[in-house]
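One structure below.
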Amino acid sequence: MDDALTPETDSLPLLLLGSASPGRRDTLERAGLEFDVLPADLDEEAILARAGDLEPVEQVLLLAREKASAVTAASEGGYVVLGCDSMLEIDGEVVGKPHTAEAAIERWRSLRGRTGVLHSGHWIVDDRDAEDEGTGATFGATASCEITFAQLSDEEIEAYVATGEPLEVAGGFTIDGRGGPFVESVTGDPHAVVGLSLPLLRRLLAEIGIGVHELWRED
Ligand SMILES: Nc1nc2c(ncn2[C@H]2C[C@H](O)[C@@H](COP(=O)(O)OP(=O)(O)OP(=O)(O)O)O2)c(=O)[nH]1
């Protein structure tokens, strides 16, 4: 993990994004939010193995909670910490990142023309000090989107996988990158597909008395 961080001394309740995800970071930046970043470095497979048989929604919520907890411990306190995790569920099977071109090609051959559900878990740890109205609360929720994939040709699959983009994203696709043409429809909050649901974040922050507008940067 990077060196421990501490929030600015100003009054803004500074959000700490416990994620290495460029998509999540870009989502918060485009929404005008001020935040710090401190990725968690966890063995996600080991955590899930220890947890036993969980539903996909439970898996992403558990990993989001573990990430938020680890990042809270690594910072020097005073933040509202957000951990997230995303996975694609298709035919009852949970799929994460393909990691290899072969796996991505095989993934797309099974995805094309079909509908899956992208689950994104979100977990908040309110680690603000008491004088900053910190509540010590720790809680989360999952946002799920139904995704229908286009009927890609083998040539399109090979061309998309050759870009490298699908290899390190949940499900092996993006809606806001080169994968955009291959996603026919999304139900629910599209930000949740990228990995961080902004309306859900607004509701979670409201639980601890923070208006999302209070986190806006002064551009
Ligand atoms: N930009 C973009 N990224 C996506 C999309 N779908 C999935 N992703 C990315 C977001 C996350 O970086 C990644 C999901 O994997 P994880 O939830 O394990 O997060 P990741 O390992 O990237 O970072 P983290 O564990 O939070 O440090 O896939 C999309 O449609 N657009």
Side-chain angles (χ1 to χ4, degrees), residues 1-2 5 15-31 35-48 51 54 56-75 81-90 94-100 103-104 107-108 111 115-125 140-150 160-161 163-198 200-201:
M1 284 188 192
D2 301 343
L5 286 167
L15 178 63
L16 179 59
L17 174 62
S19 174
S21 166
R24 294 193 177 106
R25 188 192 59 237
D26 293 349
T27 298
L28 291 181
E29 279 175 359
R30 287 198 196 102
F35 61 99
D36 282 340
V37 177
L38 181 60
D41 181 15
L42 301 179
D43 182 342
E44 297 182 20
E45 286 182 16
I47 291 169
L48 292 177
L54 295 177
V57 172
E58 294 169 320
Q59 290 183 42
V60 294
L61 206 52
L62 170 64
L63 289 174
R65 189 187 73 199
E66 292 295 315
K67 292 176 191 178
S69 303
V71 167
T72 301
S75 78
V81 181
L82 171 65
C84 299
D85 191 77
S86 301
M87 291 184 192
L88 176 69
E89 177 186 1
I90 187 135
V94 175
V95 292
K97 305 173 187 176
H99 296 306
T100 67
R107 171 77 50 75
W108 269 103
L111 284 182
T115 297
V117 181
L118 195 295
H119 301 288
S120 280
H122 302 62
W123 198 269
I124 290 274
V125 176
T142 299
S144 300
C145 292
E146 202 170 79
I147 318 249
T148 298
F149 299 98
Y160 183 42
V161 171
T163 69
E165 181 182 276
L167 304 194
E168 297 307 326
V169 289
F173 72 96
T174 67
I175 59 169
D176 56 339
R178 293 172 192 257
F182 308 132
V183 175
E184 288 286 353
S185 70
V186 175
T187 56
D189 170 30
H191 293 104
V193 179
V194 178
L196 197 166
S197 170
L198 292 170
L200 176 54
L201 177 61

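For ligands, and for the atoms within them, numbers begin at 1 and follow the listed sequence. In this text the structure is predicted, and so the values were computed from the model without any measurement. For the numbers below, each heavy atom of this structure counts, side chains included, while hydrogens, waters and symmetry mates do not.
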Nearest-0.5 Å distance, SG of residue C84 to CH2 of residue W123: 12.5 Å

Between V183 and T174, the two heavy atoms sitting closest are CG2-O, 4.0 Å

Please list the nearest protein heavy atom to atom 26 (O) of ligand 1 with its residue and the distance rounded to 0.1 Å. S19 OG, 2.7 Å

Using distance alone, determine whether K67 and ligand 1 share an N or O pair under 3.5 Å. yes

Under 3.5 Å: N/O of P22 near N/O of ligand 1: no

Does E44 come within less than 4.0 angstrom of ligand 1, counting non-hydrogen atoms of the residue? yes

Could you identify the single nearest non-hydrogen protein atom to atom 10 (C) of ligand 1 and state the distance to 0.1 Å? V194 O, 3.1 Å

Once you round to the nearest 0.5 Å, how far does CG of D85 lie from CZ of R65? 12.5 Å

Backbone N or O of V37 within a donor-acceptor pair of the R25 side chain at under 3.5 Å? no

Check step by step if side-chain hydrogen bond (donor to acceptor under 3.5 Å, both in side chains) holds for S144 and H119. CA-CA 4 Å; S144 300; H119 301 288; 2.7 Å; yes

When distances are taken from atom 30 (O) of ligand 1, the protein heavy atom at minimum range is I175 N, 2.7 Å

Do L201 and L196 have side chains that get closer than 4.5 Å, going by heavy atoms? yes

Specify side chain, backbone, both or neither for P39, according to which of its non-hydrogen atoms lie closer than 4.0 Å to ligand 1. neither

Would F173 and F182 count as a close aromatic pair, with their ring centres under 6.0 Å? no

Would you check, one step at a time, whether the test side chain to side chain contact (heavy atoms under 4.5 Å, CB included) holds for L38 with V81? CA-CA 9 Å; L38 181 60; V81 181; over 6 Å; no

Sub-3.5 Å N/O-N/O distance, V169 and ligand 1: no

G23 neighbourhood, listing ligand 1 atoms whose heavy-atom distance to it stays under 4.0 Å: 1 (N)

List the closest protein heavy-atom neighbour of atom 27 (O) of ligand 1: residue, atom name, distance to the nearest 0.1 Å. A20 N, 2.7 Å

Measuring only between side-chain heavy atoms, which start at C-beta, is P56 closer than 4.5 Å to M87? no

Starting from atom 13 (C) of ligand 1, locate the nearest protein heavy atom and write down its residue, its atom name and how far away it is, to 0.1 Å. A170 N, 3.8 Å

Provide, to 0.1 Å, the distance between atom 6 (N) of ligand 1 and the closest protein heavy atom, together with that atom's residue and name. V193 O, 3.0 Å

Could you establish whether S21 and ligand 1 come within less than 4.0 Å of each other, counting only heavy atoms on the residue side? yes

Please check whether A40 reaches ligand 1 - meaning an N/O of the residue sits under 3.5 Å from an N/O of the ligand, judged on distance alone. no

For G18, is at least one N or O under 3.5 Å away from an N or O on ligand 1? no

Atom 21 (O) of ligand 1 [closest protein heavy-atom partner, distance rounded to 0.1 Å]: K97 NZ, 2.6 Å

Are L15 and D36 side-chain neighbours, meaning at least one heavy-atom pair lies under 4.5 Å? no

So the atoms of ligand 1 within less than 4.0 Å of a heavy atom of S86 turn out to be 17 (O)

Of the listed options V186, D176, L118, closest to atom 31 (N) of ligand 1 (non-hydrogen atoms): D176

Checking the side chain of E89 only, and the main-chain atoms of V94 only, is there a donor and an acceptor separated by less than 3.5 Å? no

Can any side-chain N or O of H122 pair as donor or acceptor with the backbone N or O of S197 at less than 3.5 Å? yes

Residue and atom name of the nearest protein heavy atom (relative to atom 18 (O) of ligand 1), distance in Å to one decimal: D85 OD1, 3.4 Å

